[in-house]
Amino acid sequence: SQELEQSPQSLIVQEGKNLTINCTSSKTLYGLYWYKQKYGEGLIFLMMLQKGGEEKSHEKITAKLDEKKQQSSLHITASQPSHAGIYLCGADLNTGNQFYFGTGTSLTVIP
Amino acid sequence: KAGVTQTPRYLIKTRGQQVTLSCSPISGHRSVSWYQQTPGQGLQFLFEYFSETQRNKGNFPGRFSGRQFSNSRSEMNVSTLELGDSALYLCASSLGRGQETQYFGPGTRLLVL
């Protein structure tokens, strides 16, 4: 079983459309990270959320953390082809020994 | 600052061989973590080194080992390679103080034949 589940698994949207990716934890979240990965490459850090209710934005990407629901969402406004890639959430679930990543969401943006 | 670098970028090995991958962290970062990424299992934590000591370990067999040098550079070794070890191996560095951002290298793609 996965400690961090992402939905949807994949997403195909028309350029200009808005979209949301969710990340749900099976354990209490003590901070949540969002990364983006181009296929076969390293991860690019997007944002880190530390407190319940926290919301951060960078360009057209907004991330929120709902600690009570043990969930985070990543919202992209007016998607562009440059947003395409795999989005991964990651968290230290305070298990004492490792950092976990979500199952990943593959985003395709059609021009 | 230069980012995290990993060498080599691509590697082809045969079953039974061993392999060593290298990771140079961002200057000033003392923690290096290693991850394995496969289509089936996703991104999985291997281990973390901080100040030349293994601080955390994931659920991988003993064939996977690592070390860290005094300059924080890290190496990962996989012995007796199996076909299932084919993966993208990523390393990430951070300051090592906890609850902080990890910065990733471009990865080493290992193919085991």
Side-chain angles (χ1 to χ4, degrees), chain A residues 1-10 21 23-52 54 56 58 63 65 67 72 85-106, chain B residues 1-7 9-11 21 23-26 29 31-50 54-60 64 86-111:
Chain A
S1 64
Q2 289 277 359
E3 280 76 9
L4 290 173
E5 290 280 352
Q6 286 183 236
S7 62
Q9 193 173 5
S10 65
I21 298 169
C23 174
T24 302
S25 173
S26 62
K27 296 182 171 66
T28 303
L29 286 168
Y30 294 92
L32 192 288
Y33 300 77
W34 283 99
Y35 288 87
K36 178 186 173 185
Q37 183 181 30
K38 290 286 191 182
Y39 178 74
E41 298 180 9
L43 277 63
I44 299 167
F45 170 70
L46 295 174
M47 273 172 275
M48 175 192 175
L49 304 165
Q50 283 186 297
K51 301 173 187 175
E54 186 173 15
K56 286 187 178 177
H58 177 66
L65 177 62
E67 262 184 2
S72 177
I86 300 170
Y87 288 82
L88 291 147
C89 62
D92 174 356
L93 300 179
N94 207 32
T95 58
N97 65 340
Q98 61 177 294
F99 191 86
Y100 292 88
F101 276 96
T103 46
T105 296
S106 175
Chain B
K1 274 186 181 178
V4 179
T5 58
Q6 290 186 245
T7 56
R9 292 294 310 279
Y10 304 93
L11 210 45
L21 312 181
C23 173
S24 292
I26 291 171
H29 285 190
S31 169
V32 173
S33 296
W34 288 90
Y35 295 84
Q36 180 196 66
Q37 188 177 34
T38 59
Q41 299 298 317
L43 199 53
Q44 293 184 292
F45 173 80
L46 280 156
F47 31 65
E48 180 208 4
Y49 283 85
F50 177 79
Q54 188 180 86
R55 186 159 69 173
N56 289 309
K57 189 177 187 308
N59 301 318
F60 278 81
F64 292 82
S86 294
L88 180 67
Y89 290 89
L90 294 161
C91 82
S93 77
S94 67
L95 291 169
R97 297 172 193 162
Q99 289 289 333
E100 61 194 11
T101 302
Q102 296 177 75
Y103 295 91
F104 283 78
T108 294
R109 183 162 294 283
L110 171 65
L111 178 61

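Throughout, protein chains are lettered first and strands after them, A, B, ... in sequence-line order, and every chain is numbered starting at 1. Keep in mind the model is a prediction, meaning the values are calculated, not measured.
Taking the six-membered ring where the residue is Trp, Y33(A) and Y35(A) present parallel rings, their angle staying beneath 30° rather than reaching 60°.
For L90(B), the part sitting under 4.5 Å from any heavy atom of chain A is the side chain, from C-beta outward, and nothing else. Interface residue Y35(B): only side-chain heavy atoms are found under 4.5 Å from chain A. The contact between Q37(B) and chain A is made entirely by side chain atoms (from C-beta outward), counting heavy-atom distances below 4.5 Å.
Chain A forms the most heavy-atom pairs under 4.5 Å with one residue out of C91(B), S33(B), P106(B), G107(B), and that residue is P106(B).
Here the closest heavy-atom approach between residue S72(A) and residue W34(A) is recorded as OG-NE1, 3.0 Å. The shortest non-hydrogen separation linking E48(B) to S31(B) is OE2-OG, 2.7 Å.
Of the possible donor and acceptor atoms, one in the side chain of T103(A) sits under 3.5 Å from a partner among the backbone N and O of Q6(A).
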